[in-house]
Amino acid sequence: VFSSSRVSSFKRHLKTHTSERPHLCHLCLKTFRTVTLLRNHLNTHTGTRPYKCGDCDMAFVTSGELVRHRRYRHTHEKPFKCSMCKYASVEASKLKRHVRSHTGERPFQCALCSYASKDTYKLKRHMRTHSGEKPYECRVCHARFTQSGTMKIHVLQKHSENVPKYECPHCATIIARKSDLRVHLRNLHTYKAAEMKCRYCSSVFHERYALIQHQKTHKNEKRFKCEHCDYACKQERHMTVHVRTHTGEKPFTCLSCNKCFRQKQLLNVHFKKYHDPSFVPAVYECPKCGKGFSRWVLYE
DNA sequence: TATAGCGGCGCCCTCTGCTGGAACTCG
DNA sequence: ACGAGTTCCAGCAGAGGGCGCCGCTATA
């Protein structure tokens with residue numbers, strides 16, 4: 001519905017309802033309703049940019065572009081304010097796009113999967129996951145990437161001299177990526193309400209990093225002590241074998257002669273020596289008297 | 001009639017951050 | 001040798017900035 005106090009404006013408005021476009025661009029055959037529109041269009045062909053910015057070298061085809069540019073780059077005036085947060089933008093379309101992050105509206109539906117995006121660019125970018133297109137190539141190693149940002153990180157991490165590093169403020173661990181530092185903090189330095197017990201003593205912790213550091217202090221302890229004698233060792237599996245010397249347990253049986261052993265390794269040696277025809281016993285010969293020994297220990 | 005001002009659509013870009021598999025380390 | 005934990009890495013989506021171009025209206 002158009003209304004105007006002036007007849008000329010009304011007549012001009014009526015023209016917008018006709019498909020009449022009498023002004024032809026002789027370079028691309030596009031037609032325009034008014035001379036001004038044609039001239040602006042011709043400027044895009046010739047590169048003529050009459051509207052020059054007073055604060056930088058940029059110049060534009062239309063005055064509107066110049067105003068917008070100045071708002072973005074120089075005045076930072078943002079007339080479009082979001083009613084739900086502090087966001088403000090130079091353009092109405094940007095506010096419209098921003099509001100979707102509040103409403104969750106996703107008007108751009110992918111034709112191939114359930115994904116829908118809030119703006120056209122994200123949908124276009126998403127479509128690369130279906131097409132497999134990787135438009136960004138690393139100049140150094142020619143690896144290809146779906147997004148420019150991913151390539152940028154790749155170049156920074158793989159081909160740059162001053163690779164940025166992120167140091168954990170709690171334990172001084174150096175991590176290559178900021179997001180991985182976040183994962184590190186989450187996994188190792190987050191307070192957990194549930195108690196985490198030390199594997200080797202009764203200490204309890206609420207932070208994984210503290211627990212791990214504490215457990216390392218047990219590293220050189222012979223923390224496995226035999227209940228029946230003074231024997232102590234660092235590894236549980238050694239204690240398991242030792243305890244058999246007290247219980248008499250011999251769980252490994254030779255299938256050829258039914259002889260039993262405390263350790264699997266002893267059974268293997270026995271089988272090789274007495275039941276394996278290809279077995280050749282090692283002989284340690286004394287270089288002085290020529291006497292032979294079956295084991296290095298005896299030779300010594 | 002020309003121009004300023006504004007709005008709208010589209011395109012491309014950067015920065016940011018999460019995710020999951022690969023590679024590696026360590027007990 | 002093995003498994004669990006940790007870090008590396010590419011993939012991918014969210015959010016926002018900046019510009020190109022076109023159309024419309026108001027006004028000088």
Side-chain angles (χ1 to χ4, degrees), chain A residues 2-6 8-10 12-13 15-17 21 30 32-41 43-45 49-51 58-73 76 78-80 82 85 87-102 104 106 108 110 115-130 132 134-136 138 143-154 156-158 163 166 168 173-184 186-188 199-200 208-209 212 215-216 218-219 234-237:
Chain A
F2 178 84
S3 65
S4 174
S5 58
R6 293 170 65 169
S8 63
S9 295
F10 181 65
R12 190 184 52 231
H13 170 77
K15 283 185 180 175
T16 66
H17 292 301
R21 296 162 76 96
K30 235 175 154 179
F32 298 88
R33 224 170 39 75
T34 68
V35 181
T36 308
L37 290 174
L38 173 61
R39 191 171 49 243
N40 282 345
H41 171 78
N43 282 342
T44 69
H45 284 304
R49 291 165 177 263
Y51 298 90
M58 296 286 278
F60 301 88
V61 171
T62 67
S63 62
E65 287 170 47
L66 174 60
V67 169
R68 189 179 56 179
H69 158 79
R70 290 191 53 74
R71 281 180 179 161
Y72 270 126
R73 294 300 174 105
H76 304 294
K78 294 177 176 181
F80 301 94
C82 177
C85 71
Y87 177 78
S89 66
V90 169
E91 296 175 79
S93 63
K94 298 298 183 285
L95 177 59
K96 197 175 165 187
R97 186 178 63 182
H98 163 81
V99 166
R100 290 191 190 121
S101 69
H102 291 299
R106 290 167 180 270
F108 304 96
C110 174
Y115 176 76
S117 81
K118 291 169 186 165
D119 63 63
T120 50
Y121 176 68
K122 284 187 198 58
L123 177 59
K124 192 178 174 185
R125 191 177 61 181
H126 163 82
M127 294 312 286
R128 289 184 203 142
T129 67
H130 295 300
K134 293 185 174 185
Y136 304 95
C138 171
R144 301 197 75 96
F145 302 88
T146 55
Q147 293 185 14
S148 62
T150 310
M151 185 183 75
K152 197 177 170 186
I153 293 290
H154 161 87
L156 200 66
Q157 299 289 344
K158 292 284 186 72
V163 183
Y166 298 91
C168 172
T173 301
I174 304 293
I175 291 169
R177 285 166 179 77
K178 207 176 174 180
S179 60
D180 286 324
L181 173 60
R182 227 180 296 277
V183 172
H184 168 92
R186 196 168 57 218
N187 287 345
L188 296 178
R199 267 191 284 182
Y200 313 118
R208 264 190 63 75
Y209 183 78
I212 290 165
Q215 285 183 163
K216 280 182 181 171
H218 291 291
K219 192 178 173 183
K234 291 181 192 172
Q235 292 185 33
E236 192 176 10
R237 57 191 170 131

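Residue numbers start from 1 in every chain, and the chains themselves are labelled A, B, ... in the order their sequence lines are given, proteins ahead of strands.
- Under 3.5 Å, the side chain of A:Lys118 and the base of C:dA15 form no donor-acceptor pair of N or O atoms.
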Test side-chain contact (heavy atoms from CB on, under 4.5 Å) applied to A:Asp180 and A:His184, step by step: CA-CA 6 Å; A:Asp180 286 324; A:His184 168 92; over 6 Å; no

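- The base of C:dA13 sits within donor-acceptor range of the side chain of A:Gln147, with an N or O pair under 3.5 Å.
- When heavy atoms are screened at a 4.0 angstrom cut-off, A:Thr120 is found touching no nucleic acid atom at all.
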For side-chain contact (heavy atoms from CB on, under 4.5 Å), just list the numbers for A:Tyr87 and A:Lys94, CA-CA rounded to whole Å, side-chain angles, deciding distance to a tenth of an Å, and then say yes or no. CA-CA 10 Å; A:Tyr87 177 78; A:Lys94 298 298 183 285; 3.7 Å; yes

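- Among the protein residues, A:Ser89 comes within range of no part of the nucleic acid, since none of its heavy atoms lies under 4.0 Å from any strand.
- Scanning for salt bridge (charged side-chain N to carboxylate O under 4.0 Å, His left out) contacts around A:Arg71 gives A:Glu77, with sequence neighbours left out.
- In terms of phosphate contacts, A:Arg125 brings no side-chain nitrogen or oxygen within less than 4.0 Å of OP1 or OP2 of C:dA13.
- Whole-Å rounding puts the A:Leu181 CG to C:dT7 P distance at 10 Å.
- The side chain of A:Lys158 contributes an N or O atom lying less than 4.0 Å from OP1 or OP2 of C:dA10.
- For DNA chain C, the residues of residues 91-99 of chain A within the heavy-atom distance limit of 4.0 Å (strictly under) are A:Glu91, A:Lys94, A:Arg97, A:His98, sorted by number.
- If you measure from atom CE of A:Met58 to atom P of C:dG18, you get 11 Å, rounded to the nearest angstrom.
- Residue A:Arg70 is classed as having no contact, given no heavy-atom separation below 4.0 Å to the nucleic acid.
- Classification of the A:His154-A:Phe145 ring pair by plane angle, with boundaries at 30° and 60°, yields tilted.
- Here the side chain of A:Thr146 is nearest to one of C:dC12, B:dG5, B:dG7, namely C:dC12.
- Spacing between atom CZ of A:Arg186 and atom P of C:dT6 amounts to 12 Å, rounded to whole angstrom units.
- Atom CZ of A:Arg100 and atom P of C:dA13 are 18 Å apart (whole Å).
- For A:Ser101, the side-chain atoms get nearest to C:dG16 when compared with the rest of C:dG11, C:dT7, C:dG16.
- Between A:Lys118 and A:Ser101, the shortest heavy-atom contact is NZ-CA, 3.9 Å.
- In the set B:dG5, C:dG11, C:dG17, the nucleotide with an atom closest to the side chain of A:Thr150 is C:dG11.
- The shortest distance between the side-chain N/O atoms of A:Ser148 and the OP1/OP2 oxygens of B:dT14 is below 4.0 Å.
- Note: NZ (A:Lys122) to P (B:dC13) measures 15 Å, nearest angstrom.
- Scanning atom types as modelled, no donor and acceptor separated by under 3.5 angstrom connect the side chain of A:Arg68 and the base of B:dG7.
- When heavy atoms are screened at a 4.0 angstrom cut-off, A:Tyr136 is found touching the sugar-phosphate backbone but no base atom.
- Of all heavy-atom pairs spanning A:Lys134 and A:Arg144, the tightest one is O-NE, 2.9 Å.
- When all heavy atoms of A:Tyr51 and A:Leu66 are compared, the closest pair comes out as CB-CD2, 3.9 Å.
- Contact between the side-chain N/O atoms of A:Arg128 and the OP1/OP2 oxygens of C:dC12 is not found at any separation under 4.0 Å.
- Taking atom CZ of residue A:Phe108 and atom C1' of nucleotide C:dA13, one finds them 16 Å apart after rounding to whole Å.
- Note: OH (A:Tyr72) to C1' (C:dG20) measures 12 Å, nearest angstrom.
- Judged by atom type and distance alone, A:Arg71 does not reach the base of C:dG17 through any side-chain donor-acceptor pair under 3.5 Å.
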Please step through side-chain contact (heavy atoms from CB on, under 4.5 Å) for the pair A:His98 and A:Cys85, ending with a clear verdict. CA-CA 10 Å; A:His98 163 81; A:Cys85 71; 3.1 Å; yes

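- Between A:His184 and C:dT7 there is a side-chain N or O to OP1 or OP2 distance below 4.0 Å.
- Using a 4.0 Å cut-off, some side-chain N or O of A:Tyr51 falls inside it from OP1 or OP2 of B:dA4.
- Minimum interatomic distance between A:Cys138 and A:Met151 (heavy atoms only, all atoms of both residues): N-SD, 3.7 Å.
- Among the protein residues, A:Leu188 comes within range of the sugar-phosphate backbone only, with heavy atoms under 4.0 Å from sugar or phosphate atoms but none that close to a base.
- Considering only side-chain N and O atoms, A:Arg182 lies nowhere under 4.0 angstrom from the phosphate OP1 or OP2 of B:dT16.
- In this entry the distance linking OH of A:Tyr166 with C1' of B:dG17 reads 12 Å, nearest Å.
- Closest to the side chain of A:Lys78, from the set C:dC19, C:dG17, C:dC8, is C:dG17.
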